[in-house]
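Just so we're on the same page: letters track the sequence lines, and every chain starts at 1. The figures that follow rest on heavy atoms only: side chains count, while hydrogens, waters and symmetry mates do not.
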2 protein chains.
Amino acid sequence: MGAPVVLDAMGGDHGPAATVAGAVSAWRTHGVPVVLVGDRDRVERELRGHGAAGEIPVVHAEDAVPMAERGAAAATLTTSSLAVGCELVSRGEGGAFVSAGSTGAVVSCAVRGIGRADGVLRPALAVALPSLTGGASVLVDAGATADPTPAMVAQFAQLGAGYARTVLGRPDPLVGLLSIGSEPGKGNRLTRRAGDLLAALPLRFHGNVEGHDVLAGTVDVIVTDGFTGNVVLKNVEGCVRTALTMVAQAGIASPERLTEVARRYDPETHGGAALLGLRGTVVVAHGSSPAATIARACVVAHALAAQDPAAGIEAVAEPVS
Amino acid sequence: MGAPVVLDAMGGDHGPAATVAGAVSAWRTHGVPVVLVGDRDRVERELRGHGAAGEIPVVHAEDAVPMAERGAAAATLTTSSLAVGCELVSRGEGGAFVSAGSTGAVVSCAVRGIGRADGVLRPALAVALPSLTGGASVLVDAGATADPTPAMVAQFAQLGAGYARTVLGRPDPLVGLLSIGSEPGKGNRLTRRAGDLLAALPLRFHGNVEGHDVLAGTVDVIVTDGFTGNVVLKNVEGCVRTALTMVAQAGIASPERLTEVARRYDPETHGGAALLGLRGTVVVAHGSSPAATIARACVVAHALAAQDPAAGIEAVAEPVS
């Protein structure tokens, strides 16, 4: 069944109440082995509430990183559940790490504590965005590496394609390079060079896609640098919210009826983000995740961990400038 | 009244029928002097239809760049109405150029034919996006310069602030730098250096804004590089369209009722784009513009031309890497 998923019991708005219930569900319903990391007393009390004392292993961590902590400072607190959890994965005692803590803090701790997989130049954050066609497209990198080289972008595409195969069930995902203008060669220096590399890789490369393709379902994987990807991810959330608010303000529909659409793009509910390319997968579930969402994140992390993260990764040489 | 606005009579989906009517309206209603450039016979026939023969000067151009022509190739056709019009501005016979031709072709012709204003490192494209608060924010650069230096980005902010003052009537516009994370120093190499430069300039600098701020009305001017700006502009259009389509598909409101919101962000109607920083302002009206929109574009171009484009521009030195 593979190495267990290490779950941060302290992350998220609901703390151990949600995470422990999620761990029990992941194990009992989905057969995914989980190790809980956090305040032992609180976690074991929750486990007893589910009649699961002794059923899910617990590793004690003295501290918890507050949800408001967004940056790299979190990574310096070596006694936190984030740091202890990443350390377990780093030592090979877990195959993947799941947290509902703040994305910035989780990414910082994971990069520092787990380290890159062999052959991977930089990690990338992948987010699945619902598309107009009813499916979803993977946006990668959504914010882990702000200044990648062309070779890193080409690897992000491979990592994103692996995610699309494993999580979205696309056997041969179509990859598009986010740029300005659909013709090959349109873009900035980074995308022109990355486009040349992508065309030579063994993946199904669509060529360039543009900003309006992000939610259109044009491709399965939208690859970009972590700066553009993070701006686009937050722009998607803001634009959908603005459009729906304008609909409500115009009296066309009540805010309540629009909630269904709004929730698909709410950062709290669109499925979390996976940090790909480390020696152990990391999945960031949303802070507000209920137990079922935590369980789902564990299942996704376990599936991703079953891949060798470096297996699909070509050693990509930087092009000559 | 300043130098006349040079109007491409052949651009746009409706050709001289819309452009000539727009020129007549700009002159008669708004007092903006216009020179029409295009096929003399067709343009003069349209002018006679308005009883305006001899009232608006006409300069003949042998050719017209097709609307489907999006790229730099258009700039090589020196006998087109685009090239002849830009040449007039370059010679000082016009203060601004307006076209409803394809944005890519107009930008290419204008950069080649008109050239940069003194002190301006690179031109930038500015687009006013309606915001949730009922006003609008200027997105600059929306696609003219894909790989700017930090100093160029700092100048884009100044050009955008000039646009916000002149076109949006904001006497002291608030400028935000599009980045990832609101804290100073968050971003990529380009935004970190541009942020340092912006903080030292005599403009009201808000600091970083993020993707979700683009339509939120957080600032009057959102400054970014032309790659990110173009991706964001097209992403705004795509996301608004997707959100509204999802509302229609869910049966919450009919597509007809959503048209009002959709049109605010339709690339054909959100007010066109101004190419700032050349020796003569260039305004790109939308291909589908009716006469009233063409007239409005001439009024905006005339107002922008009355500023010295380089007046507000500081000589910004590149930071040491």
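Put simply, of B:C239, B:G238, B:A250, B:G187, the one with the most heavy-atom pairs under 4.5 Å next to chain A is B:C239. Counting heavy-atom pairs under 4.5 Å between each of B:A243, B:G211, B:A216 and chain A puts B:G211 at the top. Among A:L258, A:I252, A:V240, A:N230, the residue with the largest count of heavy-atom pairs under 4.5 Å with chain B is A:I252.
Evaluation of the salt bridge (Lys or Arg N to Asp or Glu O under 4.0 Å) rule for B:D220 yields B:R170 as partners, not counting sequence neighbours.
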Legend entry - Worked check of side chain to side chain contact (heavy atoms under 4.5 Å, CB included) between B:T191 and A:F227: CA-CA 10 Å; B:T191 59; A:F227 179 86; 3.5 Å; yes
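For a residue to count as touching a neighbouring chain, one of its non-hydrogen atoms must lie under 4.5 Å from one of that chain's; by this rule B:T242 touches chain A with backbone and side chain alike. At a 4.5 Å heavy-atom cutoff, the contact between A:L244 and chain B is made by side-chain atoms alone. With a 4.5 Å cut-off on non-hydrogen atoms, B:S131 touches chain A through its backbone but not through its side chain. Residue B:L215 touches chain A through both its backbone and its side chain, counting heavy-atom pairs closer than 4.5 Å.
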For residues 136-144 of chain B, which side-chain donor-acceptor pairs fall under 3.5 Å, sequence neighbours excluded?
unit_1 : atom_1 : unit_2 : atom_2 : d
B:S137 : OG     : B:V219 : O      : 2.8
B:D141 : OD1    : B:L125 : N      : 2.8
B:D141 : OD1    : B:G143 : N      : 2.9
B:D141 : OD1    : B:A144 : N      : 2.7
B:D141 : OD2    : B:A144 : N      : 3.2
B:D141 : OD2    : B:T145 : N      : 2.7

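For the pair A:D147 (side chain) and B:R189 (backbone), a donor-acceptor distance under 3.5 Å is present.
Note that the CG atom of B:N235 and the NZ atom of A:K234 stand 14.0 Å from one another [nearest 0.5 Å]. A distance of 9.0 Å separates CG in A:L132 from CZ in B:R241, rounded to the nearest 0.5 Å.
Across all their heavy atoms, B:I180 and A:G226 have their closest contact at CD1-O, 4.4 Å.
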